[in-house]
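Single-structure report; data block below.
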Amino acid sequence: DIQMTQSPSSLSASVGDRVTITCRASQGISNSLAWYQQKPGKAPKLLLYAASRLESGVPSRFSGSGSGTDYTLSISSLQPEDFATYYCQQFYSTPFTFGPGTKVDIK
Amino acid sequence: QVQLVQFGAEMKKPGASVKVSCKASGYTFTGYYMYWVRQAPGQGLEWMGRINPDSGGTNYAQKFQGRVTMTGDTSISTAYMELSRLRSDDTAVYYCAREAAIVGAPYGMDVWGQGTTVTVSS
C-alpha cells in the first residue's frame with residue numbers, strides 16, 4: 001500500500017495569511033492526488049484533483065502543485081470559512097489511501 | 001440535484017454485523033463507482049473500498065477483506081456496505097461517495113453522503 005504523510009499536522013493562521021500544506025507519498029504517484037476540505041460534523045469536500053486541477057466551484061485562492069512523491073496545497077489568502085481539516089488522497093493504486101490530515105485553525 | 005442519502009445511526013453489539021445503505025439520485029447510478037470511507041471519532045479518513053454498481057465488481061482494502069461486502073441494487077439506485085464481526089474500534093461515521101473519473105481513471109470523490117454513525121458497544 002502507498003503511505004501518505006502530511007505536514008504540518010496542525011497550524012494556526014490568521015485571516016489573510018498564505019497557508020501551505022505538504023503531502024508526501026511513499027512512492028511516486030504521477031500527480032494522482034486529490035485534496036479535500038472537511039469541517040466538523042460534515043462530509044469532506046473535493047477541492048483539487050490531479051494535484052493541481054481545481055474542482056468546479058472551488059475558489060481560486062486554493063491551488064495545488066507537485067510531482068513524483070511531493071505535493072502541496074496552498075491557500076493564497078485565508079478566509080474565515082477556510083478553517084477546517086485538509087486531507088490528501090492518492091489515486092495511483094488501490095487502496096486509495098488518505099493522508100492523516102492537517103487542521104487549520106484560527107491564530 | 002445529484003445527491004447521496006444515508007440514514008443517521010446504527011447501534012450494534014460486538015460480533016454483530018451492520019449494513020449501511022446509500023441511496024443515489026440525480027445521476028445514472030450504474031455510471032459511477034461508489035466508494036466507502038469511514039472516520040473514527042476524532043480521527044482521519046480511511047478508504048474501505050469501492051463497487052462498480054454496473055458489474056458488481058469490488059475492490060476492498062486489505063484491512064477489511066473477509067469482513068466487508070459492498071453491493072448495489074440498481075433497481076432502487078442504492079449501494080450497501082455490510083461489515084461483519086464488529087469490534088469496538090469499528091465505531092465510526094461511514095460515508096459513501098461517488099467516484100469522479102476521466103476516461104475511466106478515478107481522480108476523486110465528488111459527491112458524498114452525509115454519513116451513517118455506527119456505534120459498536122456492549
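Because the structure is a prediction, the values reported are computed rather than measured. Chain naming here is simple, since letters A, B, ... match the order of the sequence lines and numbering starts at 1 in each.
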Are [X] and [Y] in one and the same hydrophobic cluster, where Ile, Leu, Val, Met, Phe, Trp and Tyr link if side-chain heavy atoms are under 4.5 Å apart?
X	Y	answer
A:L48	A:F91	no
A:V19	A:V15	yes
B:F64	B:V120	yes
B:I76	B:M81	no
A:L11	A:F83	yes

**Asked** Highest number of heavy-atom pairs under 4.5 Å with chain B: which of A:A34, A:G99, A:P95, A:P40?
**Response**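 Ranked by heavy-atom pairs under 4.5 Å with chain B, first place is A:P95.
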**Message:** Which one wins on heavy-atom pair count under 4.5 Å against chain A: B:P106, B:G44, B:G113?
**Reply:**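 The answer is B:P106.
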**Item:** Set of side-chain contact (heavy atoms from CB on, under 4.5 Å) partners for B:T28, sequence neighbours left out
**Value:** B:T30
**Request:** Mind listing the closest non-hydrogen atom pair of A:F98 and B:M109 along with its distance?
**Result:** CZ-CE, 3.5 Å
**Request:** Indicate the atoms forming the closest heavy-atom contact of A:P44 with B:L45, along with that distance.
**Result:**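 Scanning both residues completely, I find the closest heavy atoms to be CG-CD1, 3.7 Å.
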Check every N and O of chain B against chain A and note each donor-acceptor pair under 3.5 Å, with its distance.
{"unit_1": "B:Q39", "atom_1": "OE1", "unit_2": "A:Q38", "atom_2": "NE2", "d": "2.8"}
{"unit_1": "B:Q39", "atom_1": "NE2", "unit_2": "A:Q38", "atom_2": "OE1", "d": "2.9"}
{"unit_1": "B:Q39", "atom_1": "NE2", "unit_2": "A:Y87", "atom_2": "OH", "d": "3.4"}
{"unit_1": "B:Y95", "atom_1": "OH", "unit_2": "A:K42", "atom_2": "O", "d": "3.3"}
{"unit_1": "B:M109", "atom_1": "N", "unit_2": "A:Y36", "atom_2": "OH", "d": "3.0"}

**Request:** With a 4.5 angstrom heavy-atom cut-off, could you sort out which part of B:V37 is near chain A: side chain, backbone, both or neither?
**Result:** side chain
